[in-house]
Amino acid sequence: MENRIQNTFQKKRILNIYLTAGYPKLADTVTIVQELVKNGVDMVEIGMPFSDPLADGPTIQNSSEIAIKNGITLDLIFEQIQEIRKTVEIPIILMGYFNQLLQFGIEQFLEKAAQVGVDSLIIPDLPIDIYQEEYKSLVEKYGLKMSFLITPQTSEERIHLIAKESRAFLYVVSSYAITGGKSEIEDYQTQYFERIKSLNIETPKLIGFGISNKETFETACQYAEGAIIGSAFIKALENSPNLKETIKEFVRNIK
Amino acid sequence: MNYTVDKKGFYGEFGGAFIPEMLHHNVEELKSCYLDIIESDEFKKEFKQLLKDYVGRPTPLYFAKRLSEKYGANIYLKREDLNHTGAHKVNNTVGQILLAKKMGKTRIIAETGAGQHGVATATVCALMNMPCIVYMGEIDIQRQAPNVARMQMLGAEVKAAISGSKTLKDATNEAIRDWIANPEDTYYLIGSVVGPHPYPDMVARFQSIISEEMQYQLEEQTGKNYPDKVIACVGGGSNAAGAFYHFLDNEKVELIAVEADGLGINTGKTAATTQIGSEGIIHGSKTYLMQNSEGQITEPHSISAGLDYPGIGPLHAHLFKSKRGTFLGATDQEALNAAFELTKLEGIIPALESAHAMAALNKIKLKNDECVVVNLSGRGDKDMETYMRVMNNGK
Ligand SMILES: Cc1ncc(COP(=O)(O)O)c(C=O)c1O
């Protein structure tokens, strides 16, 4: 597991694609990840659909609603990941909200995630101090790695703290926004990326939120090890008559 | 047992700030300054002045003679229905708008369900000449048209929340997202004792004027500055927090919180959070909420839009778990009956929310000389359509 994340960050221009588990159809999770890998994506972030995803924009919330209606559950997601792991070697990041873990049982969740081959977790509403005090040792016990978020407003001191606890990568939120924001990168954002780059943080960095096309991906790669694309990919799936073709097109247009 | 918030923002094991990093700065900014500002003499003076001259405080503590005769106890009504805009909500919006100004914020956002908090927010924004955006679920916009018109007349922009169930919890999500996208100039004016720390504590402090007045009003009228029982309805819990506040440490006072049972707690159409909910996180706070085994937040139901929320504030979660509070429920029908009874006996048409508190009088044992205060959180004007439907169908 150590190796999957570390090996991946030997490379540059990492493309991490977010998908919502159970969307557009319940069983599509497996196919989508397999196709992404075939087309050269370096990592995937699988979203566990939540009814009230505060950090996400309308595109991801909508896909989550549909996935929940499709009948997605955490047990099913773990089964799907187990299936994916039979053929897929790239890092799998699992993203969800803290209440989902609380109801599943934190330790059961971590154990299960590790067992099916998840490498890292993103839980945006788990505060870093509570993580350190209450959950860090458990996460480490199961060999999982956290990836935490920073934003343009995160202080330098806090960035160092968050980077230290982010054992997979540091998730650099590109703007004052929820996921699925604008398609261009503004000056204040590049200044912020510049500032983060100059901190010489050891933890690999991926830029996310508002990365939607080749141009924004390339910009992100100038300042970080790579980028995460979510809403733009979900939008592409939304109208897709043929998942395989859509995914091939989408990845080819970016990388 | 301690019933005030601790340094980390918890009431016992409930509360905290379970928020994404995108909100960290906003919440931290508020946390670092709210106490200094609202405890300052200058703030207190302005706040008290506005409550007096603009809101119309103190609200009366009214001895309800005929109600008392019927229930065989001394029943007092704390008349929050007589506040400007018709409910307790304005105590909080006056406090928060003053705070927002002192923090240098120039744009106000809020969430609303029934529209009462939205109206109270739009009102103080008009007063302070500040732009106001109110998020409201698309479904609530349809069923609360008069309050939408009020907000618009007051100059607020009402934005429809079209995600999820299109009701209060989704309006809250949208307001939080707006705050994430506008971290510099925008102040998020929350309407109840919910959300991440410091909101529950701050809103409780602003609403605590209710029990502060009760203390001296009771002293004047009964010779004792506390009652035997205080009854209040709980949506998020702000009017109850205000009515309980100064009695939290006085174990002689029984604190009775009334939730909305809707059609009944076993019907799947209910908002009785403590009865059918479980511990978890909603809107950044660890508390009780209505959810399924997957942790998905479920849809509440109540005839009263103000109680139609799938969570409760963390203070109330603590009062419930520690058993300091007595938690009861009233169904839609019981609330309607109580509303008509109060109207007939005392000539006061209550808000449907407050009618839930009145309904509790039927559910508790009362002794002859007992002193009971019911917090009448709002008036019934906004609910006339529902009341008219009942009258037209007979009862
Ligand atoms: C009159 C009245 N009472 C009670 C409530 C419920 O809110 P809370 O529990 O925060 O007092 C509302 C909310 O809209 C209300 O308008």
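As the structure is a computational prediction, the values presented were derived from the model and not from experiment. Each chain gets a letter, A, B and so on, in the order the sequences are listed, and its residues count up from 1.
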- Per-residue contact mode, Ile282(B) against chain A (heavy atom under 4.5 angstrom): neither
- Check whether Leu102(A) gets within reach of chain B through its side chain, its backbone, both or neither, counting any heavy atom under 4.5 Å. side chain
- Among all residues two or more places apart in sequence or in another chain, which pass the side chain to side chain donor-acceptor pair (under 3.5 Å) test with Gln275(B)? none
- Message: Heavy-atom cut-off 4.5 Å, strictly under: side chain, backbone, both or neither for Pro152(A) against chain B?
- Response: neither
- Query: What part of Ile150(A) gets closer than 4.5 Å to chain B, counting heavy atoms only: side chain, backbone, both or neither?
  - Reply: backbone
- Item | Within residues 64-71 of chain A, residues adjacent to chain B where the heavy-atom gap is under 4.5 Å | Glu65(A), Ile68(A)
- Message: Using only atom types and a distance under 3.5 Å, with no angle test, would you say the side chain of Arg177(B) pairs donor to acceptor with the backbone of Asp56(A)?
- Response: yes
- Query: Between atom CD of Gln153(A) and atom NE2 of His24(B), what is the distance when rounded to the nearest 0.5 Å?
  - Reply: 10.0 Å
- Task: With chain B as the partner chain, list the residues of residues 124-134 of chain A whose heavy atoms fall under 4.5 Å from it, by residue number, and write 'none' if nothing qualifies.
- Result: Pro124(A), Asp125(A), Pro127(A), Ile130(A), Glu133(A)
- Using non-hydrogen atoms only, which part of Gln61(A) is less than 4.5 Å away from chain B: side chain, backbone, both, or neither? side chain
- Message: Go through it in stages, so that I can follow the logic: the residues are Phe50(A) and Gln296(B), the test is side-chain contact (heavy atoms from CB on, under 4.5 Å), and I'd like the CA-CA distance, side-chain angles, deciding distance and then a yes or no.
- Response: CA-CA 6 Å; Phe50(A) 181 52; Gln296(B) 311 289 359; 3.5 Å; yes
- Proximal to chain A - members of residues 5-15 of chain B, heavy-atom separation under 4.5 Å: Lys8(B), Phe10(B)
- Message: Whether the Gln103(A) and Ser293(B) side chains hold a donor-acceptor pair (N or O, under 3.5 Å, no angle test) is what I'd like checked.
- Response: no
